[in-house]
Amino acid sequence: MKTLKATVPDLVAEVSAALTGEGRNTLVPQLATAAIEHCTYDQDANAGYIYIVRPSTSALPNLVAPVAETISFYEKHGINIDVDHDGNIFGIEWLDRPDIIKTLKENNAL
C-alpha cells in the first residue's frame, strides 16, 4: 500500500504548511503515515480525490456521510481536506492541479 508521503511528498508538505497556518497542527502527523486507499480523477471537472485508509479503530466506520468537516484551502492551494467524525483525515480533494495529477500518475496511484 502506498503512503501519501512517498507518493506525493510535495502535496504533503503543502498541506502540512496550510494546516499549521490554520492552527490545525494535530492533523499534520497523520499525513506522514497516511496510506492511500485509492484515488479518483474526473477529467471533465478537472478535479480528483485521494482517499486515505481509515484506522480500524474508527468508532463510526459505516456512516452514510463519513466526512464531518471540510477544511478548505481552495482559494490559495486548490485543495480541500476532509476530516471524519473521529478527527482523522478522510481524504484530500484537488481542483485544477496538474502537478498532483502528474505525480500520482508517475507513482502509479492514479
Side-chain angles (χ1 to χ4, degrees):
M1 195 169 304
K2 296 177 185 274
T3 65
L4 191 62
K5 188 173 183 177
T7 306
V8 282
D10 292 342
L11 177 62
V12 169
E14 182 179 352
V15 170
S16 295
L19 287 169
T20 299
E22 291 291 315
R24 303 298 299 262
N25 307 38
T26 58
L27 294 172
V28 173
Q30 292 180 37
L31 295 169
T33 59
I36 297 173
E37 182 177 292
H38 69 280
C39 301
T40 61
Y41 175 62
D42 181 334
Q43 189 170 2
D44 292 333
N46 197 18
Y49 200 86
I50 301 170
Y51 290 85
I52 304 300
V53 174
R54 295 176 72 191
S56 60
T57 57
S58 176
L60 308 166
N62 298 314
L63 289 176
V64 174
V67 174
E69 173 186 19
T70 298
I71 305 166
S72 182
F73 298 110
Y74 175 72
E75 292 297 319
K76 187 171 182 181
H77 300 278
I79 56 175
N80 295 312
I81 312 302
D82 288 334
V83 179
D84 71 13
H85 294 272
D86 293 320
N88 298 306
I89 296 175
F90 181 84
I92 301 172
E93 176 186 37
W94 76 86
L95 304 111
D96 194 26
R97 291 290 303 265
D99 59 319
I100 296 172
I101 297 164
K102 180 180 180 227
T103 303
L104 287 171
K105 285 182 176 180
E106 288 173 350
N107 288 294
N108 298 314
L110 184 63

Side chains of N80 and S72: is there a donor and an acceptor less than 3.5 Å apart?
yes
To the nearest 0.5 Å, what is the distance between CG (L31) and CG (L11)?
8.5 Å
One should read off an interatomic distance between I71 CD1 and D82 CG, to the nearest 0.5 angstrom, of 8.5 Å
Check the hydrophobic clustering (I, L, V, M, F, W, Y; side-chain heavy atoms under 4.5 Å; chains of links allowed) and say if L110 and I36 are grouped together.
yes
Cluster link V53 to I50, ILVMFWY, side chain under 4.5 Å
no
Using the rule given for side-chain contact (heavy atoms from CB on, under 4.5 Å), can you reason through N46 versus I101, listing the C-alpha separation, both sets of side-chain angles and the distance that settles it, and then say yes or no?
CA-CA 10 Å; N46 197 18; I101 297 164; 3.9 Å; yes
Donor-acceptor under 3.5 Å (D86 side chain, N88 main chain)
no
Counterpart residues, ring-ring contact (aromatic ring centres under 6.0 Å, His included), relative to Y49 (two or more places apart):
Y51
Working to the nearest 0.5 angstrom, can you tell me the gap between I92 CD1 and E14 CD?
9.5 Å
Drop me the distance from W94's CH2 to I100's CD1, to the nearest 0.5 angstrom.
6.5 Å
Let me confirm one number: the CG-CD1 distance from L95 to I79, rounded to the nearest 0.5 Å.
10.0 Å
Please list every donor-acceptor pair under 3.5 Å in which a side-chain atom of residues 2-10 meets a protein atom from a residue at least two apart or in another chain.
from: K2; atom 1: NZ; to: N107; atom 2: O; distance (Å): 2.6
from: T3; atom 1: OG1; to: A6; atom 2: N; distance (Å): 3.1
from: T7; atom 1: OG1; to: T3; atom 2: O; distance (Å): 2.7

Point-to-point distance, once rounded to the nearest 0.5 Å, from SG of C39 to CD1 of I52:
8.0 Å
Donor-acceptor pair, side chain of Q30 and main chain of G87, under 3.5 angstrom:
yes
Can any side-chain N or O of R97 pair as donor or acceptor with the backbone N or O of H77 at less than 3.5 Å?
yes
In this structure, would L19 and F90 fall into the same cluster of hydrophobic residues linked by side-chain contacts under 4.5 Å?
no
